[in-house]
Amino acid sequence: MPPTHARALDAAPVDPALTRSFDLRLARYGDDLRAGLRACYGDRADETFERVLRIVAAAMQDRPEALRGLDEARLLAPDWLQDSRQIAYVAYADRFAGTLRGVEEHLDHLESLAVTHLHLMPLLEPRPGESDGGYAVQDYRRVREDLGTMEDLSSLASSLHDRGMSLELDLVLNHVAREHEWAERARAGEQRYRDYFLTFPDRTEPDAWEASLPEVFPDFAPGNFTWDADLERWVWTTFNAYQWDLDWSNPDVLCEFVEIICFLTNQGVDMLRLDAIAFTWKRQGTNCQNLPEVHQLTRALRAAARIAAPALAFKAEAIVGPQDLIGYLGRGALSGKVSETAYHNSYMVQLWSALASRDTRLLATALGKFPPKPASTTWASYVRCHDDIGWAITDEDAADIGLSGFGHRAFLSDFYAGEFPGSFAEGLVFQHNPTTADKRISGSLASLAGLERAVRSGDGAAIDLAVARILLLHAAMLGFGGLPLLYMGDEIALLNDPHWADDPAHAADNRWVHRPEMPWKGVREAALDADRDAPRTPAGRVLAGVRHLIAVRTSLPQLHAAVESQVVSGADRRLLILRRDHPVSTMAQVLNMSEDPVELDAGVLSGIVGDHPREAISGADWSLEVPSITVQPYQALWFLGPEG
């Protein structure tokens, strides 16, 4: 790429070092930017390329000096997100600490967990009233008023950076709120902004599109189009009537988002969670999800961001099947050129499935079908999040082990709703679809793992088992080798919020049952208990256990995310065995997903880690020169082979 494109910097005085950085980055990422734009915009690609260069050049000039230093540091450590010392924490700012200033005052808690990455759930200014949990954004350049200001966000980012932590925010790509300035100007008759949206004068085209479109929220937002009386047109609204889908085939929309991305990263944001990315491109006759142009758009956005602010990373929010999901990390020519990380939703779902069924075969089958990810990318592993759990288990995977997919999904819904005989769980059914019999589940990790029911019964043995399940799930997440996402409150075994429906704004959405306010008095008590030689309370025991697991994880290069976990078959169905072939040494993880002690042929492990491995969680040396070993109920073992 010729350095003459440095003329894009002519809009304002620049020093020679900045010009050199621009030219070098353009030489590295310019081809990706052009290719992504050409795939999406054809004849308009070249003009769009020049517009994007002007935007990123201006952003480079405006970028604070401290963030320019961070750019250089991460260019020197391109695997920073893959390092086993990375630990992410996910929270709503208001539920965690009231305001952004409040979050800043509680960073010591995150440091005590060795957290290096904070993801704050939607906090950009949403529409008034119902806003899909903040995902109906009215202004991408303002913070929700009750949380603070953009200056507060920048202050928080700076404090995080001072502590070696990074900040992640959500960026909703598919749609904006009906009250967004673009939509307001479209309704006012400005053709430029009408062209930002997909609108139709009558039902002819919407009905043609609907023939192949699924419904995301059939209960309360049926269909994909909404009549807007002010606009006097049908508007594409995939999610809710107040969320207007954007027309990404219009390059003006892309340029708007390049500006937004540059603005947010210049406030100190280190990662953007690309919300609803799978829906951004539309083609009639398809389900309008996961289309190839989605990845080309991401390629262009990432290339632009890498020129303006190389410290920024993307996370794809794509809850799709394995064959589609890998595209968000890059397949073929796009390998490693789109998002740096993506959610491994399947692993989360399959962990809960194995815990209920005491059977890991379905988990092993599902993991075995994942194509290899690009080595430079990172799975985001998690056990719980802000959302419900949808039982993303295919009929094909279930059939492979002799199960009915429909029957198993129904079993899981009943089990985690606490309705199946012998269930330990306390969850709530979310979005029951009587047509498909689909039922999703809301609930906190601790309540779904049995602690709420056990505490209510006062059964000490049941409490012990619940604590063991919680720590087992954390070990499964922390040991998977991606970026682990610790959801707010899980570190102290926070139970379902019994008052979730008291707020009228939440009463119709039971996902708020697992979005309670952080009980800081309880956190302090749990921390004091966790510091004892033998913690006494469930919260203290879980906190001590999570801290220990994190400390072990962060000491192990074997958990670098460039290496993938591979399922080892042939053991008892209650055991999940994962193998990680790292250059330092091979690692074998054993997880017992049942309340029973399970015998394991020692040869299964010795063939991977040798006869005398070290077990990292306990720190003990083991001998596998025995016929078998006993894996205790809900035990996790991380065996390390000799370094070679």
Report task. Using atom types as modelled and distance alone, determine if a side-chain donor or acceptor of Thr116 lies under 3.5 Å from a backbone N or O of Ile87. Result -> yes

Query raised in the report: Going from CG on Leu578 to CH2 on Trp638, what distance comes out if it is rounded to the nearest 0.5 angstrom?
Result: 11.0 Å

Query raised in the report: Taking it one step at a time, do Asp400 and Arg361 satisfy salt bridge (charged side-chain N to carboxylate O under 4.0 Å, His left out)?
Result: CA-CA 9 Å; Asp400 284 348; Arg361 291 176 301 156; over 6 Å; no

**Report entry** Heavy-atom closest contact (Val294 atom, Ile277 atom, distance)
**Finding:** CG1-O, 3.4 Å

Query - Glu595 and Arg469 ion-paired at < 4.0 Å - result: no

Query - Reference residue Tyr382; test ring-ring contact (aromatic ring centres under 6.0 Å, His included); the match among Tyr487, Trp352, Tyr343 - result: Tyr343

**Report entry** Polar side chain donor-acceptor pair, Glu599 to Thr630, under 3.5 angstrom
**Finding:** yes

Query - Candidate pair Asn290 and Phe279, rule side-chain contact (heavy atoms from CB on, under 4.5 Å), full reasoning - result: CA-CA 7 Å; Asn290 311 308; Phe279 299 84; over 6 Å; no

Requested in this report: Report the C-alpha separation of Tyr634 and Leu471 in whole Å, then their side-chain angles, then the decisive distance to 0.1 Å, and conclude whether the side-chain contact (heavy atoms from CB on, under 4.5 Å) test is met.
Outcome: CA-CA 8 Å; Tyr634 298 121; Leu471 294 177; over 6 Å; no

Requested in this report: Give the C-alpha distance, both sets of side-chain angles, the deciding distance and a yes or no for salt bridge (charged side-chain N to carboxylate O under 4.0 Å, His left out) between Glu564 and Arg580.
Outcome: CA-CA 6 Å; Glu564 291 208 71; Arg580 297 181 58 78; over 6 Å; no

Query raised in the report: Should Ile463 and Arg541 count as side-chain neighbours, where that means a heavy-atom distance under 4.5 Å?
Result: yes

Query raised in the report: Would a distance-only check, ignoring hydrogens and angles, find a side-chain to backbone donor-acceptor pair under 3.5 Å from Arg574 to Ser594?
Result: no

Query raised in the report: Backbone N or O of Lys369 within a donor-acceptor pair of the Gln323 side chain at under 3.5 Å?
Result: yes

Requested in this report: Consider only side-chain N and O atoms of His560 and Asp79, and report whether a donor and an acceptor are under 3.5 Å apart.
Outcome: yes

Query raised in the report: Below 4.0 angstrom, N of the basic side chain to O of the carboxylate: do Asp270 and Arg74 qualify?
Result: yes

Query raised in the report: When rounded to the nearest 0.5 angstrom, what is the spacing between CD1 in Ile470 and CG in Leu448?
Result: 10.0 Å

Query raised in the report: Among Asp395, Asp438, Thr394, which one satisfies side chain to side chain donor-acceptor pair (under 3.5 Å) with Arg409?
Result: Asp395

Report task. Would you please classify the geometry between the Phe420 ring and the Phe415 ring as parallel, tilted or perpendicular, with 30° and 60° separating the classes? Result -> tilted

Query - Donor-acceptor contact present, side-chain Arg515 to main-chain Tyr92, <3.5 Å - result: no

Query raised in the report: Does the side chain of Val90 reach to within under 4.5 Å of the side chain of Leu118, using non-hydrogen atoms?
Result: no

Query raised in the report: Taking atom types as modelled and ignoring hydrogens, do the side chains of Thr365 and Asp397 form a donor-acceptor contact shorter than 3.5 angstrom?
Result: no

Query raised in the report: Sub-3.5 Å donor-acceptor pair from the side chain of Ser357 to the main-chain atoms of Ser353, do we have one?
Result: yes

Query raised in the report: Going by distance alone, is a donor N or O of one side chain under 3.5 Å from an acceptor N or O of the other, for Glu491 and Tyr89?
Result: yes

**Report entry** Flag side-chain contact, heavy atom, 4.5 Å: Leu624 against Ile629
**Finding:** yes

**Report entry** side-chain contact (heavy atoms from CB on, under 4.5 Å) between His109 and Met518, worked out
**Finding:** CA-CA 12 Å; His109 176 64; Met518 193 69 159; 3.9 Å; yes

Query raised in the report: Yes or no on salt bridge (charged side-chain N to carboxylate O under 4.0 Å, His left out) for Arg331 and Asp324, after CA distance, side-chain angles and deciding distance?
Result: CA-CA 10 Å; Arg331 178 189 283 114; Asp324 288 323; over 6 Å; no

Report task. Could you check Leu495 against Leu451 for side-chain contact (heavy atoms from CB on, under 4.5 Å), going step by step and ending with a plain yes or no? Result -> CA-CA 8 Å; Leu495 302 178; Leu451 185 59; 4.0 Å; yes

**Report entry** Check: Glu340/Thr377 side-chain N/O donor and acceptor closer than 3.5 Å
**Finding:** no

Query raised in the report: Mind checking whether Lys315 and Leu274 have side chains closer than 4.5 Å, heavy atoms only?
Result: no

Report task. Answer yes if the side chains of Asp170 and His119 hold a donor-acceptor pair under 3.5 Å, and no otherwise. Result -> yes

Query raised in the report: Are the side chain of Glu615 and the backbone of Ile617 linked by a donor-acceptor contact shorter than 3.5 Å?
Result: yes

**Report entry** Whether His582 side chain and Pro557 backbone form a donor-acceptor pair below 3.5 Å
**Finding:** yes

Query raised in the report: In terms of ring plane angle, is the pair His106 and Trp520 parallel, tilted or perpendicular, where the classes change at 30° and 60°?
Result: parallel

**Report entry** Gap separating the CG atom of Asn345 from the OH atom of Tyr347, nearest 0.5 angstrom
**Finding:** 13.5 Å

Query - Side-chain touch Arg440/His432, heavy atoms, less than 4.5 angstrom - result: no

Query raised in the report: Would you say the side chain of Ile577 lies within less than 4.5 Å of the side chain of Leu600, judging by non-hydrogen atoms?
Result: yes

Query raised in the report: With the threshold set at 4.0 Å, does a side-chain nitrogen-carboxylate oxygen contact exist between Arg163 and Glu111?
Result: yes

Query raised in the report: Hey, would you say the Phe411 and Trp391 ring centroids sit under 6.0 Å apart?
Result: no

Query raised in the report: Looking only at atom types and distance, does a side-chain atom of His514 sit under 3.5 Å from a main-chain N or O of Ser442, one as donor and one as acceptor?
Result: no

**Report entry** Donor-acceptor pair, side chain of Gln86 and main chain of Gly482, under 3.5 angstrom
**Finding:** no

Query raised in the report: Looking at side-chain heavy atoms only, is the closest gap between Arg511 and Asp387 below 4.5 Å?
Result: yes

Requested in this report: Calculate, to the nearest 0.5 Å, the distance between atoms CG and CG belonging to Asp509 and Asp388 respectively.
Outcome: 8.5 Å

Query raised in the report: Taking Asn496 for the side chain and Pro498 for the main chain, is one N or O donor matched with an acceptor at less than 3.5 Å?
Result: no

Query raised in the report: Using a distance-only test with no angle check, is there a side-chain donor-acceptor pair under 3.5 angstrom linking Ser166 and His117?
Result: yes

Query raised in the report: Side-chain donor-acceptor pair under 3.5 Å between Glu426 and Ser447, yes or no?
Result: no

Query raised in the report: Are Met271 and Thr341 side-chain neighbours, meaning at least one heavy-atom pair lies under 4.5 Å?
Result: yes

Requested in this report: Flag the pair Asp414 and Lys439 as a salt bridge only when some basic side-chain nitrogen lies within less than 4.0 angstrom of an acidic carboxylate oxygen.
Outcome: yes

Query raised in the report: Given Glu168 and Arg273, is the salt bridge (charged side-chain N to carboxylate O under 4.0 Å, His left out) satisfied, shown in steps?
Result: CA-CA 7 Å; Glu168 176 182 348; Arg273 174 186 178 272; 5.4 Å; no

Query - SB check Asp596 Arg358 (cutoff 4.0 Å) - result: no

Report task. Is it possible for you to check whether Arg614 lies under 6.0 Å from the centre of the six-membered ring of Phe639, through NZ or CZ, and within 45° of that ring's axis? Result -> no

